[in-house]
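Quick note on labels: first sequence line is chain A, next is B, and so on, each numbered from 1. Below, all heavy atoms of this structure are taken into account, side chains as well, without hydrogens, waters or symmetry copies.
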There are 2 protein chains.
Amino acid sequence: MGSTMKFKRSSCPITNVLDTLGDKWTLLVIRDLVLGKRRYQEFTSSPEKIASNILADRLKKLETGGLVTRHAYQRNPVRYEYLLTEKGEGLKPVLEAIIVWGKKHYPGSKRFPRVEQH
Amino acid sequence: MGSTMKFKRSSCPITNVLDTLGDKWTLLVIRDLVLGKRRYQEFTSSPEKIASNILADRLKKLETGGLVTRHAYQRNPVRYEYLLTEKGEGLKPVLEAIIVWGKKHYPGSKRFPRVEQH
DNA sequence: ACCATAACTTGCGAAACGCAAGTGACTGAG
DNA sequence: CTCAGTCACTTGCGTTTCGCAAGTTATGGT
């Protein structure tokens, strides 16, 4: 009796992905991380202007889900940065497929450039 | 002055895709359509048990967005079926990429089989 | 002491969601 | 010809989530 695995809604892989990434903001945070952003303020300064509480919530959920790690990059005062785990990096092909479809059907849209590291 | 295209949130293709597909249900309707489902009751009988009002709303939005077409497959009484347009079919690579990542990170999840046509 | 910065948290009104039940147009059974 | 049944929705309503603004905590710089 280990065969009854508990999924939130169904055993469909798409469904399970949507249960963690299915909203208007989570994938944008992933996008920012892929583009090289790491710090809280960098995420809030993206053009979509994510609200602070939504960002905090999404980062927490992504960390819980193992897509992102948080660690202090300095003490006094403590400052944190976020990095994609291998699991999180694995979403790059999904983002690529979305960009291909998006650029085709939203004329004028353009992939954002990587940010330079500090 | 045609250069100032109006996007909901930003010119990022991912953002624009999320503005139409960024929720827990829309992509599941697309999945069902890709699997061969066409009628209202077929969608509501999927294991995720989408609520009727949510389904009606999503189908309407997908039709407005040009991803889906609706047409009567019989009269007396009128019955409708939904089909993916070419634009909607274009999402298959996105679904494939999601399935690949999903199967890897949600052990036990399994792609659903196509439904037979009536 | 005072201002600034980073990373959050809190409050609250507005919008979206989810469940149940209802509606209208018919069809086939008795 | 009445009545249960099917299909494709719509309506009501309570709960949850969202989104904007403002507040908080810790610390450094001058």
Please identify the 5'-most and 3'-most nucleotides of DNA chain D with any atom under 4.0 angstrom from a heavy atom of chain B. D:dT6 to D:dG12

Can you pull every protein N or O that's under 3.5 Å from an N or O on nucleotides 11-13 of chain C?
from, atom 1, to, atom 2, distance (Å)
C:dG11, O6, A:N53, ND2, 3.4

By side chain to side chain contact (heavy atoms under 4.5 Å, CB included) - contacts of [X] (at least two apart):
X     : answer
A:E89 : A:L84, A:K92
B:E86 : none
A:T20 : B:Y106

Indicate for each nucleotide in nucleotides 2-7 of chain C, in 5' to 3' sequence, whether protein heavy atoms under 4.0 Å reach the base (B), only the sugar-phosphate (S), or nothing (-). ---BBB

Which is true for B:K49 with a 4.0 Å heavy-atom rule: it touches a base, it touches only sugar-phosphate, or it touches nothing? nothing

Atom [atom1] of [X] and atom [atom2] of [N]: how far apart are they, to the nearest Å?
X     : N      : atom1 : atom2 : value
B:D57 : C:dC17 : CG    : P     : 7 Å
A:D19 : C:dC17 : CG    : P     : 14 Å
A:I54 : C:dC8  : CD1   : C1'   : 14 Å
A:L55 : C:dC8  : CG    : P     : 8 Å
B:Q74 : C:dC26 : CD    : P     : 11 Å
A:E63 : C:dC8  : CD    : P     : 9 Å

CA sep, side-chain torsions, deciding dist, call: A:R58, A:D23, salt bridge (Lys or Arg N to Asp or Glu O under 4.0 Å): CA-CA 10 Å; A:R58 295 306 187 278; A:D23 69 87; 3.3 Å; yes

Kindly write out the residues that satisfy side-chain hydrogen bond (donor to acceptor under 3.5 Å, both in side chains) with A:E63, not counting sequence neighbours, or none if the list is empty. none

Please identify each residue that fulfils side-chain hydrogen bond (donor to acceptor under 3.5 Å, both in side chains) with A:N16, with sequence neighbours left out. none

My understanding is that a hydrophobic cluster links ILVMFWY residues whose side chain heavy atoms are under 4.5 Å apart, including indirect links. Using that, what else belongs to the cluster containing B:F112? B:L35

Are B:R31 and B:E48 close enough for a salt bridge, meaning some N to O gap below 4.0 Å? yes

Residue set satisfying ring-ring contact (aromatic ring centres under 6.0 Å, His included) with A:W25, at least two apart, ordered chain then number -> none

Salt bridge (charged side-chain N to carboxylate O under 4.0 Å, His left out) pairs touching residues 94-104 of chain A, sequence neighbours excluded, are A:E96-A:R111

Return whichever of A:S52 or B:K24 has its heavy-atom-nearest nucleotide of DNA chain C closer to the 5' end. A:S52

Ring pair (Phe, Tyr, Trp, His ring centres under 6.0 Å) contacts in which one or both residues fall within residues 38-91 of chain B, not counting sequence neighbours: none

